[in-house]
Amino acid sequence: MKFFLDTANANDIRYYSEMGLVDGVTTNPSLIAREGRDFKTVVKEICTIVSGPVSAEVTGNTFEEMVSQAREIASWASNIVVKIPMTTEGLKAVKVLSDEGIKTNVTLVFSVSQGLLAAKAGANYISPFLGRLDDVGSSGIELVRDLHKILTNYGFKTEIISASVRSADHVKQAALVNSDIATIPANIFGKLWSHPLTDKGLALFANDWAEFQKKQKNNGGK
Ligand code: E4P
């Protein structure tokens, strides 16, 4: 499974990319707004840090607005994927953009039929939102499981990005149901490799090693 960072913060992206752990980035209008900087400047900067796919979302609602914004956004860097919302107009836009060779990520996917239609329209990626589905008493993981089965059954090349990830357990569950990608907020990303027993074990090793060194020194190195 590939790991994307779900953030528009260049410092976080740089930090985790230097560890070699970031396969791509997803942003959305809320994440861009949080940075308080110009949209194009932020996206272009992210594209210089990460060589994998970087999703940047259109903000228009009509087919015409989405297609025109998507063409503009796609021209900013070669690794851009244009995020299109899962609406009627969005689906029409995905079809046209896909025919033009512009990569798309259909976002705000909450049902199997939405995901299937997006794949049929030619989306390169679809983003089911796990956390937001869980919030309303549904199961985000079940949706990813169903989508994976159906896309595989019919040989679609569309990749599933498990989005709206809220915990390390979401990442594990997404991997268990064959999600191609999980896009993970920076605060969760940092928690993926930490475990209190690892810290405890390390402290114990350090303590035992220090005791051993002390004993050796007292025995004159014997
Ligand atoms: C997906 O690409 C979205 O940016 C994101 O995962 C939304 O997550 P949220 O529900 O935490 O806002």
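When a ligand or atom number is given, it counts from 1 through the structure's own listing order.
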- Task: Name the orientation class of the two ring planes belonging to Trp209 and Phe212 (parallel below 30°, tilted from 30 to 60°, perpendicular beyond 60°).
- Result: tilted

- Query: Relative to the ring of Phe39, is the ring of Trp76 parallel (under 30°), tilted (30 to 60°) or perpendicular (over 60°)?
  - Reply: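 Answer is perpendicular, since the angle exceeds 60°.
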
- Note on the structure: What one should report as the nearest heavy-atom pair of Leu5 and Asp12 is CD1-O, 3.9 Å

Could you find the nearest protein heavy atom to [atom] and give me its residue, atom name and distance?
atom	value
atom 5 (C) of ligand 1	Asp6 OD2, 2.9 Å
atom 7 (C) of ligand 1	Phe129 CE2, 3.5 Å
atom 3 (C) of ligand 1	Asn28 ND2, 3.5 Å
atom 12 (O) of ligand 1	Arg132 NH2, 2.8 Å

Under 3.5 Å between some N or O of ligand 1 and some N or O of [X]?
X	value
Lys83	yes
Thr107	no
Thr183	no

- Message: Evaluate Glu100 against Val96 for side chain to side chain contact (heavy atoms under 4.5 Å, CB included), listing each step before the verdict.
- Response: CA-CA 6 Å; Glu100 289 180 17; Val96 166; 3.6 Å; yes

- Query: If we ignore angles and hydrogens, is there a donor and acceptor under 3.5 Å between the side chains of Glu45 and Thr48?
  - Reply: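 Their side chains do not contain a donor-acceptor pair, so the 3.5 Å distance test is not met.
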
- Query: If you measure from each non-hydrogen atom of Ser164 to ligand 1, which part falls under 4.0 Å: side chain, backbone, both or neither?
  - Reply: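 Near ligand 1, Ser164 shows its backbone as well as its side chain.
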
- Thr26 neighbourhood, listing ligand 1 atoms whose heavy-atom distance to it stays under 4.0 Å: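 What qualifies from ligand 1 is 2 (O).
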
- Give a yes or no on whether the backbone of Ile32 and the side-chain of Thr27 come within a donor-acceptor separation of less than 3.5 Å.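 Not at all, since once roles are kept as given, no pair shorter than 3.5 Å links the two residues.
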
- Task: Would you check if Asp6 and Val165 make a side-chain contact, meaning some heavy-atom pair closer than 4.5 Å?
- Result: no

